[in-house]
Amino acid sequence: MNFSPKIETGSGPKSPLWRRLLAQRHLQTMALLGVVWMIIFNYIPMYGLIISFKDYNIVKSIAEAPWVGLTHFREFLDDEDLVNVIKNTLGISLIKLLIGFPLPIIFALFLNEIRSLRYKKAIQTISYLPHFLSWVVLGGILATWLADVGIVNNILLSLHLIDQPITYLAEPSYFWTIIISSDIWKELGWSAIIYLAAISGVSPEMYEAATIDGAGRFQKMWFVTLPAIKSTISILFILAVSGVLNSNFDQILVLRNSLNDSASNVIDYYIYYTGIVSNRFSYSAAVTLIKAVIALILLLIANQVSKKINDTSLF
């Protein structure tokens, strides 16, 4: 008698694929809704990118707009504000990447070392809270704190660190510091969640072996925890590099003003101003397309570098 298992092939209702889909019908339905959402709001609107090559006017439809080729792209490259926009965008984003990317990793490593569950939860809760405040609310709080009669000036004056109040948001020299530090403060705890989840998956036997070998806490973090979450760090770094041209538009829009324009005019605000405020829809679409292409190139480069160095990549 032959007891070998029967292998089913084909795409009929009794095939393994159909049985798996049927068993996972609830999860597949939720995933399908996400796919439909992406198609409607991410892929279908991509048709509108053709206005980058047209002289679009809201009075006429996209199809009726005349073709102008690469005119808008050349205008952007010849714009006198281009250098300042690129400088502000890359300056803020690269500093955020250099400082803001490793901080959540360090925070997660030290948070994982806290043995008291009560203190650990308290620190997590406090660090998560700013993430749930919108930049509209948080921007108003920061504007109040940084005003000439705000708490920051009062503290510095009482400590005799300054002689007269400073209106920080009116000074371009302070803008990058405010933007970068407030963004890190807001997202530090939330960004550490995924690293904490990765750390929780590290086998306790590895720590026990390190303890037997005489490793201390810092040695365990360096030689056990960090290598174990290396793939997670690599994936998030690839995504962070691809988004280096994103400058957190909500934050910039709330905290910028005409006095700090020289330091706050980033590419996202430039696209908003030229497209929505100045009604230059085709021009802003062209700038958006350039930004998207550069982001794709950065993603591919970072992915390839990560694949060669860490053997970890998105695809």
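Numbering starts at 1 and runs along the sequence shown.
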| task | Kindly indicate, with the supporting measurements, whether the criterion side chain to side chain contact (heavy atoms under 4.5 Å, CB included) is fulfilled by Asn246 and Lys291. | result | CA-CA 9 Å; Asn246 296 325; Lys291 176 187 170 186; 2.8 Å; yes

| message | Assess the residue pair Val244 and Ile294 against the criterion (side chain to side chain contact (heavy atoms under 4.5 Å, CB included)); give the C-alpha distance rounded to whole Å, side-chain angles, the decisive distance to 0.1 Å, and a yes or no. | response | CA-CA 10 Å; Val244 76; Ile294 294 175; over 6 Å; no

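- In this structure, the ring-ring contact (aromatic ring centres under 6.0 Å, His included) partners of Phe101, at least two apart in sequence or on a different chain, are Phe237.
- With sequence neighbours left out, the side chain to side chain contact (heavy atoms under 4.5 Å, CB included) criterion links Pro165 to Asp148, Asn153, Leu157.
- Ser127 places a side-chain N or O within donor-acceptor distance of the main-chain N or O of Gln124, the cut-off being under 3.5 Å.
- Under the side-chain hydrogen bond (donor to acceptor under 3.5 Å, both in side chains) criterion, the residue pairs touching residues 199-214 are Tyr207-Thr225, Thr211-Lys220, with sequence neighbours excluded.
- Side-chain atoms of His131 never come within 3.5 Å of backbone atoms of Leu188 as a donor-acceptor pair (strictly under, hydrogens ignored).
- Within 6.0 Å of the CG atom in Leu77, the count of heavy atoms belonging to other residues, nucleotides or ligands exceeds 12.
- Among pairs with a residue in residues 158-179, none fulfils side-chain hydrogen bond (donor to acceptor under 3.5 Å, both in side chains), at least two apart in sequence or across chains.
- Here the side chain of Asp55 pairs no donor or acceptor atom with the backbone of Val68 at under 3.5 angstrom.
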| message | Run Tyr272 and Tyr269 through ring pair (Phe, Tyr, Trp, His ring centres under 6.0 Å) and show every step you take. | response | CA-CA 5 Å; Tyr272 159 77; Tyr269 180 80; 5.8 Å; yes

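- Ile39 belongs to a hydrophobic cluster whose other members, connected by ILVMFWY side-chain contacts under 4.5 Å either directly or through intermediates, are Val35, Ile44.
- Checked against ring-ring contact (aromatic ring centres under 6.0 Å, His included), Tyr273 has no partners two or more places apart in sequence or in another chain.
- With hydrogens and angles disregarded, no donor-acceptor distance shorter than 3.5 Å links the side chain of Ser306 to the backbone of Asn303.
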Show me the side-chain donor-acceptor pairs of residues 247-255 shorter than 3.5 Å, one per line, residues at least two apart or across chains.
residue : atom : partner : partner atom : Å
Asn248  : ND2  : Asp183  : OD1          : 3.1
Gln251  : OE1  : Lys96   : NZ           : 3.3
Gln251  : NE2  : Ile179  : O            : 2.7
Gln251  : NE2  : Ser182  : OG           : 2.8

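- For Phe281, there are no ring-ring contact (aromatic ring centres under 6.0 Å, His included) partners, not counting sequence neighbours.
- Enclosure of atom CD1 in Ile151 is not indicated, since only 12 or fewer non-hydrogen atoms of other residues, nucleotides or ligands lie within 6.0 angstrom.
- Applying the side-chain hydrogen bond (donor to acceptor under 3.5 Å, both in side chains) criterion to Ser284, with sequence neighbours excluded, gives no partner residue.
- Annotation for Tyr43: atom OH does not count as buried by contact number, only 12 or fewer foreign heavy atoms lying within 6.0 Å.
- Here the side chain of Asn88 pairs a donor or acceptor atom with the backbone of Ser262 at under 3.5 angstrom.
- Shown here are the side chain to side chain contact (heavy atoms under 4.5 Å, CB included) partners of Pro130, two or more places apart in sequence or in another chain: Trp185, Lys186.
- Atom CG of Asp311 and atom CD1 of Ile309 lie 11.5 Å apart (nearest 0.5 Å).
- Qualifying ring-ring contact (aromatic ring centres under 6.0 Å, His included) partners for Phe315, counting only residues two or more places apart in sequence or in other chains: none.
- In this structure, CZ in Arg115 is found 12.0 Å from CG in Leu117, a value given to the nearest 0.5 Å.
- The shortest side-chain heavy-atom distance between Met221 and Asn112 does not fall under the 4.5 Å cut-off.
- Going from atom CG of Asn310 over to atom OG of Ser231 covers 9.0 Å, rounded to the nearest 0.5 Å.
- Around the CD1 atom of Ile194, the shell of radius 6.0 Å holds no more than 12 heavy atoms that belong to other residues, nucleotides or ligands.
- For Tyr283, the side-chain hydrogen bond (donor to acceptor under 3.5 Å, both in side chains) criterion is met by Asp79, Tyr270, not counting sequence neighbours.
- Annotation: the span from Ile50 atom CD1 to Trp67 atom CH2 amounts to 5.0 Å, rounded to 0.5 Å.
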